[in-house]
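Counting begins at 1 with the first residue of the sequence.
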Amino acid sequence: MKEWTREKRLRTRSVGGTLGLGEIMTELLRAPKLVVLRGELGAGKTTLVKGMAAALGAADAEEVVSPTFTLVHEYRGRKVRLFHLDLYRLETEAEVEGLGLWEMADEPDALVLVEWGDKFPSVMERADAEIVITQGEVENERLLHVRWRD
């Protein structure tokens with residue numbers, strides 16, 4: 001796997017704070033990018049995606065939900081298309097190939113956010129960035145470790 005060249009650590013203590021960090025993420029990780037979202041179930045990955053969709057101007061940002069069963073959701077922002085994928089239920093590299101992930105990632109206006117992408121070496125090899133969300137010391141606190149390549 002290639003090395004990350006930049007990193008930033010952030011903290012939030014509320015759902016509203018996580019949504020707000022979406023704007024920071026869209027400034028740090030400009031399209032085109034393939035971003036792996038890492039964190040346990042309930043860590044706030046989808047909440048962060050909702051904040052990013054809103055920051056990009058997606059009209060349906062309020063409707064962002066986890067694509068666990070549909071696998072892929074697309075949100076159109078003012079200038080960027082946000083693709084949100086959840087690979088939790090996939091088991092093989094062939095299933096990943098069948099999603100069209102590489103074609104999405106090759107689009108010049110695409111910000112591709114992949115939950116559970118770290119299950120697949122091919123996704124990690126192609127990733128331009130990763131956001132790791134972990135539980136903080138108090139109930140609603142989340143720690144975000146963002147690493148990316150320019």
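- Glu130 and Trp148 share no donor-acceptor pair across their side chains, judged by distance under 3.5 Å alone.
- With values rounded to the nearest 0.5 angstrom, Leu87 atom CG is found 7.5 Å from Leu71 atom CG.
- The heavy-atom pair separating Lys45 from Leu37 by the smallest distance is CD-O, 3.8 Å.
- Between the CZ atom of Arg9 and the NE2 atom of His145 there is a distance of 3.5 Å, given to the nearest 0.5 Å.
- Of all heavy-atom pairs spanning Ala110 and Ala31, the tightest one is O-CB, 3.5 Å.
- Leu28 and Val36 fall into different hydrophobic clusters, where Ile, Leu, Val, Met, Phe, Trp and Tyr residues are linked whenever their side-chain heavy atoms come under 4.5 Å apart, directly or through other members.
- With respect to Asp109 and Arg78, no salt bridge is recorded, no charged nitrogen being found less than 4.0 Å from a carboxylate O.
- Smallest separation of non-hydrogen atoms from Val96 and Trp102: CG1-CZ2, 4.2 Å.
- When the side chains of ILVMFWY residues are joined at heavy-atom separations under 4.5 Å, either directly or via intervening members, Phe120 and Val112 end up in a single hydrophobic cluster.
- Placement of Val72 and Val64 in two distinct hydrophobic clusters is found when ILVMFWY residues are connected by side-chain heavy-atom separations under 4.5 Å, directly or transitively.
- The pair Asp118-Arg38 meets the salt-bridge criterion, since a charged nitrogen lies less than 4.0 angstrom from a carboxylate oxygen.
- Here the OG1-CD distance, from Thr12 to Glu141, works out to 9.0 Å after rounding to the nearest 0.5 Å.
- Of all the heavy atoms in Leu48 and Met25, the pair that sits closest is CD1-CG, 3.9 Å.
- Thr46 and Glu115 share a donor-acceptor pair across their side chains, judged by distance under 3.5 Å alone.
- Put simply, Trp4 and Val132 are part of two different groups of oily side chains (I, L, V, M, F, W, Y) that touch within less than 4.5 Å, one to the next.
- Interatomic distance, Leu21 CG to Lys8 NZ, rounded to the nearest 0.5 Å: 10.5 Å.
- Smallest separation of non-hydrogen atoms from Leu41 and Trp116: CD2-CZ2, 3.8 Å.
- Note: the hydrophobic cluster containing Tyr75 also contains Leu29 (ILVMFWY, side chain heavy atoms under 4.5 Å, direct or indirect links).
- Side chain to side chain, Ser66 and Asp86 meet the donor-acceptor criterion of an N or O pair below 3.5 Å.
- The nearest pair of heavy atoms linking Arg126 to Ala105 is NH2-CB, 4.1 Å.
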